[in-house]
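Below is one structure, written out as structure tokens; comments come after it.
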Protein chains: 2
Amino acid sequence: MVTIYDIAQKANVSAMTVSKVINNTGRISEQTRKRVKKVMEELNYVPNSNARSLVLQQTQILSLLITDITNPFYTSLARGAEDSAKKLGYRLLFGNSDEDYDKEQDYVDMILSTRVDGVLFAPAGDHSLKHLEKLRAHNIPFVILDRAVPGIESDIVLGDSKQGARNLVEYLIGLGHRRIALVNGSLDVSTARLRYEGYAEALQLHGISLDDELVVHKSYREYKGEDQLERLLKHPAPPTAIFAANNFLAVGVINALRKRGIRVPEDMSVVCFDDLDLSSALDPFLTVAAQPAYQFGAMGIQLLVERIQGSAVPEPRKLILPSELVIRSSAKIFATE
Amino acid sequence: MVTIYDIAQKANVSAMTVSKVINNTGRISEQTRKRVKKVMEELNYVPNSNARSLVLQQTQILSLLITDITNPFYTSLARGAEDSAKKLGYRLLFGNSDEDYDKEQDYVDMILSTRVDGVLFAPAGDHSLKHLEKLRAHNIPFVILDRAVPGIESDIVLGDSKQGARNLVEYLIGLGHRRIALVNGSLDVSTARLRYEGYAEALQLHGISLDDELVVHKSYREYKGEDQLERLLKHPAPPTAIFAANNFLAVGVINALRKRGIRVPEDMSVVCFDDLDLSSALDPFLTVAAQPAYQFGAMGIQLLVERIQGSAVPEPRKLILPSELVIRSSAKIFATE
DNA sequence: CAACATAGGGTTATCGATAACCCTAAACTT
DNA sequence: AAGTTTAGGGTTATCGATAACCCTATGTTG
């Protein structure tokens, strides 16, 4: 590999001079500068950022840790983060924890050993606390995305899960539904708790008593949850509508319903959190609370960089992005015959 | 940040001894080893991989460059690559070129300056040649994914675009279609050329003359290509079926058709390359040639690591993964009234 | 018991780049 | 004309880790 020393030798200057040319620091005559640059091009020089990071004690790399690269919510978020990072002069190191604490752990170690300047962290759940504390212990600035983690205070970008859930459920209630089921994510994820609260609140507000038999908690990644769905459907007074706490759960639910010959929305209304992008483009079917995923990433990077550069207020900042109720056709009016 | 020197001091040994403990090299008594390890834990030591890479001249990082992170084909591919890399003890640095040569260029420079051990490269198109040559000039091993680039010989993992296209078009022909349009990607992408060839071959095989008026070339990312679609539809003898060269194009085409009140498949049959994952899970509608995206990534990493470790034959290896014709309901029998 | 091997660990140079400081000749001051 | 700036660049130490080699006290052997 070509180093500044090779350049220096061929250009008949010292390595330091080359470094100064590269970084535009110090005093270098126009003539020397040109000569050095020419040699750099001839030899196809590319600086070694490892060496650079070592002495500078900074990498110009940010890390983005997401929990599911196959979920359009996170890929849009990633796009937002990428664009924003590039604009601010940072490179982005992606990681995908797969909603798995162990993988998350591995990525945290990798992040630490890479000495990234900051981390955009979408936690798998409450047990991510340990990992965030580790980052903090090492003084790595981070911004949390999408899910709050009890026990840690930091800059954070969240969606309004409670409000979004309320909107969806109130919409269903407005359609005449009274028996509304919730297929939720795991309760050790903050958004699942809030979506549950929003659900409960909407019911209460409309004088509908909460029936815990109609609530199912599983993982946000569960495509199929036939078992528990079975329980819902076998209920003496089965639901007429289902609120799925995210896009994947909705797809799982709908497929499971169809497999049983239950049509959506004719026999069962279904709504959910998060949009499906391509699916919705192709077939605007699901009624959803759509979150501004791209903004999550873009704003997250912005907060992070402000934090790194010290231009942020010392207090943790909390950004709550509203979701938008997009009414399509997966829910319909419920009328008692 | 804690370094091996801090550990060394507190454990009353030399830095070298710490290094030996970390890497399990040299001779260290069990007692010392334990003492050092204990101190490492106490101080929460994490090795600095920049320093490590600098002296070792290798990073244990592989880079994955994809062209569109929002396309499920590439996210599945990424998952495959990630799993495979992790298994082989490498970290993965993602990059997303957005089908943009300039962004690709930036990522190549970043890759070079990071001194990654190897690159999994999904090129934006033929003009990626320059970037691949740059990698080669710097002796960075790489494996090309999905799209061949004329002028460069290397390990490569491809789908069978020609065969897949033939299968799709022959399927349409089997349904009775004779006027079949092709909405293709840009011709400076190898897969687009091959899909065109497959299309042409299928027509010829069945004695249907190729009408260039029915072929449109644009970008794989174009969601809406109303203009050229207009041309197709205004044709004196308009097509009865459309073969879209990838998933995004298909979605664009279908939306444009619907906007004009043309129903799929009743008024127009549509098939395409690549599946839509969630969309297909929710609504198994599009008839597609599905590619084993996960395998692209997994196999790519495997070839790459073999190349890096020198366990591969010197000759470039070419892996062609077949696609699978998945018949659903976006195409129907065409009968002349 | 002298000669030698070995366990256990330390020294020093090095990877590539940069910060901090130093040096010299020409230009400028008064 | 002597002192002072300044342009233009060079020297040296350093970041954190490791390779290659060296050192010393035991243990082993004939």
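A, B, ... follow the sequence lines: proteins, then strands. Residue 1 opens every chain.
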May I have the list of side-chain donor-acceptor pairs in residues 137-148 of chain A shorter than 3.5 Å, sequence neighbours left out?
residue  : atom : partner  : partner atom : Å
A/His138 : NE2  : B/Asn44  : O            : 3.2
A/Asp146 : OD2  : A/Tyr74  : OH           : 3.0
A/Arg147 : NH1  : A/Glu99  : OE1          : 3.0
A/Arg147 : NH1  : A/Pro123 : O            : 3.2
A/Arg147 : NH1  : A/Ala124 : O            : 2.9
A/Arg147 : NH2  : A/Glu99  : OE2          : 3.0

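B/Tyr220 is linked by a ring-ring contact (aromatic ring centres under 6.0 Å, His included) to nothing, counting only residues two or more places apart in sequence or in another chain. Considering only residues two or more places apart in sequence or on other chains, B/Asp98 meets the side chain to side chain contact (heavy atoms under 4.5 Å, CB included) condition with A/Arg79, B/Asn96, B/Asp100, B/Lys103, B/Arg221. Shown here are the side chain to side chain contact (heavy atoms under 4.5 Å, CB included) partners of B/Lys130, two or more places apart in sequence or in another chain: B/Gln105. Not counting sequence neighbours, B/Tyr5 has no partner by the ring-ring contact (aromatic ring centres under 6.0 Å, His included) test. Partners of A/Arg307 by side-chain hydrogen bond (donor to acceptor under 3.5 Å, both in side chains), not counting sequence neighbours, listed by chain and number: A/Asp155. Every side chain to side chain contact (heavy atoms under 4.5 Å, CB included) that A/Asp117 has, sequence neighbours left out, goes to A/Gln58, A/Thr59, A/Gln60, A/Leu62, A/Tyr90, A/Ile308. Applying the side chain to side chain contact (heavy atoms under 4.5 Å, CB included) criterion to A/Gln295, with sequence neighbours excluded, gives A/Pro292, A/Met299, A/Leu321.
For DNA chain D, no neighbouring residue in residues 33-44 of chain A is found when judged by any heavy atom under 4.0 Å.
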Give every pair of a protein N or O atom and an N or O atom of nucleotides 18-21 of chain C that lie under 3.5 Å apart, one pair per line with the distance.
residue : atom : partner : partner atom : Å
C/dT18  : OP1  : A/Asn23 : OD1          : 3.4
C/dT18  : OP1  : A/Asn23 : ND2          : 3.1
C/dT18  : OP1  : A/Arg52 : NE           : 2.5
C/dT18  : OP1  : A/Arg52 : NH2          : 3.3
C/dT18  : OP2  : A/Ser19 : OG           : 2.7
C/dT18  : OP2  : A/Asn23 : ND2          : 3.2

Shorter than 3.5 Å, N or O on both sides, protein versus nucleotides 23-25 of chain D: list them out with atom names.
none

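If you take CG of A/Leu54 and C1' of D/dA17, they are 9 Å apart, rounded to a whole angstrom. One atom, CD1 of B/Ile7, and another, P of C/dG10, lie 15 Å apart when rounded to the nearest Å. Remark: P of C/dA17 and CD of A/Gln57 are 17 Å apart, rounded to the nearest angstrom. One atom, CG of A/Asn48, and another, C1' of C/dG16, lie 6 Å apart when rounded to the nearest Å. Per the geometry, CD belonging to B/Gln60 stands 17 Å off P belonging to D/dA17, to the nearest Å.
Closest approach of A/Lys20 and A/Gly26 over heavy atoms only: CD-CA, 4.3 Å.
Ring orientation note: the planes of A/Phe296 and A/Phe73 are nearly perpendicular, at an angle over 60° on the 30°/60° scale.
Rounded to the nearest 0.5 Å, atoms CG (B/Asp106) and OG (B/Ser97) are 10.5 Å apart.
At the phosphate of C/dA7, neither OP1 nor OP2 sits under 4.0 Å from any side-chain N or O atom of B/Ser29.
For the helix from C/dC1-D/dG30 to C/dT30-D/dA1, the rotation axes defined at the first and last 5 base pairs enclose an angle of 50°, given to the nearest 10°.
When each of D/dG10, C/dG16, D/dA17 is scored by its nearest atom to the side-chain atoms of A/Thr17, the top-ranked nucleotide is D/dG10.
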